[in-house]
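Atoms within a ligand are numbered from 1 in the order they appear, just like the ligands themselves.
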Amino acid sequence: MTVASIPGKAILFGEHAVVYGRPAIAVPVWEVAARVEVLDNPGAAPGSLLVEAPAIDLAGELAALDPSHPLPRIILDTLHALGVEQPPPLRLRVTSTIPIASGLGSGAAVSVAVARALSQHLGCPLEPSRESALAFAVERIHHGTPSGVDNTVVAFGMPVYFRRDDPPVPFRVGAPLHLVIGDTGIALLTSIAVGGVRERWRDKPAAYERRFDAIGAIVDEAHGQIESGRIAALGPLMNRNHVLLQEIGVSSPVLDALVRAATEAGAWGAKLSGAGIGGTMLALAPKERMDAVRAALTRAGAVRTITTQVGE
Ligand code: PMV
């Protein structure tokens, strides 16, 4: 049996502006993961590939599943990329602890886990950049104009500085980051948040471009601070990034309340993370304030909190 476990992700800086060519920084979140098991299925007919994903109620022979659904799609694309026309009889099982549609990159993680487990099982493991490209093609079918940051960070499993159309830059942090992620419990469709920004950008392009530039400058400053381990300096940058996200219309009263609660409980900084409106926010805190921030987020209405450490 071959198993691949792929983490969730959080965007630290730069969401939305990244769709318009500015950089973003994202980190893997190892406390949640998508897991894919591939095993031989002796006795089944050649070419038979049994797919099981109980969480989304999907089970059946690959050939009988809707090929436009993301799971069959990534399996078919991976086999195609490997040049495998008829795989040996296999079973592929997907499970995940990454909450769906909450900005933690669940779809991208499942796609990368499928590409990794299947290619390893068939004896031709793919490079992270190939896995990422396969997952990106699937994200595009369902999200319209994704930047590619999600599939990139989960395939590399490291913090990445990402700019659309440039090779991603995985990097090491100079000192550990302690993050608390708060989930509003409001499922969001990334395409709706991204579409709303696009409409407002079309309406006022100059004002939006200025804000995207300001976000890009924050990302570049943050990248330097993270690499050199000046973690507390990231707090004010996160707060500024959140204000810019408010200005482009992707925050909401519940996200603002969680951000405020985290800061009042001693976080260095906090911001929404991902597409916004619902979904998640994240706070950066001194290690000894993590529990207090987590409790404050729960009191302020977070349905779930995840604490994670990036680096070491
Ligand atoms: O909510 P998520 O994790 O799907 O993040 C979306 C991030 C955006 O920048 C808003 C869109 C993108 O494709 O990068």
Nearest-option assignment for atom 7 (C) of ligand 1, heavy atoms, candidates I11, L104, I277, L245: I11
Contact with ligand 1 for K9, non-hydrogen, under 4.0 angstrom: yes
Donor-acceptor pair between Y208 and D203 side chains, under 3.5 angstrom: no
Worked verdict on M158 versus F171 for side-chain contact (heavy atoms from CB on, under 4.5 Å): CA-CA 7 Å; M158 278 180 75; F171 67 97; 5.8 Å; no
Proximal atoms of ligand 1 relative to H16 (non-hydrogen, under 4.0 Å): 8 (C), 9 (O), 10 (C)
Close N or O approach (E15, ligand 1; < 3.5 Å): no
SB check E247 R210 (cutoff 4.0 Å): no
Transitive ILVMFWY side-chain link V259 to L237, under 4.5 Å: no
Option passing ring-ring contact (aromatic ring centres under 6.0 Å, His included) with H223 (candidates Y161, F13, F162): Y161
Identity and distance of the protein heavy atom lying nearest atom 4 (O) of ligand 1: T190 OG1, 3.0 Å
Enclosure of R230 CZ (heavy-atom neighbours >12, cutoff 6.0 Å): yes
Contacting atoms of ligand 1, where contact means under 4.0 angstrom from a heavy atom of S147: 12 (C), 13 (O), 14 (O)
Element-labelled atoms of ligand 1 that are located less than 4.0 Å from some non-hydrogen atom of V18: 9 (O), 14 (O)
Ligand-side contact atoms (ligand 1) for residue partner V149, heavy atom cut-off under 4.0 Å: 14 (O)
Option set G274, G278, G105, criterion heavy-atom distance to atom 5 (O) of ligand 1, minimum: G274
D150 contact mode with ligand 1 (heavy-atom cut-off under 4.0 Å): side chain
G103 neighbourhood, listing ligand 1 atoms whose heavy-atom distance to it stays under 4.0 Å: 1 (O), 3 (O)
Polar atom proximity, A275 to ligand 1 (N or O, under 3.5 Å): yes
Heavy atom of the protein closest to atom 11 (C) of ligand 1 (residue, atom name, distance): V19 CG2, 3.8 Å
CG/D220: more than 12 non-hydrogen atoms of other groups inside 6.0 Å: yes
Chi angles and distances behind the side chain to side chain donor-acceptor pair (under 3.5 Å) call for S48, E61: CA-CA 7 Å; S48 135; E61 272 290 332; 3.0 Å; yes
Side chain to side chain contact (heavy atoms under 4.5 Å, CB included) partner of I181, chosen from L297, L104, V32: L104
Proximal ligand 1 atoms for P146, defined as those under 4.0 Å from one of its heavy atoms: 13 (O)
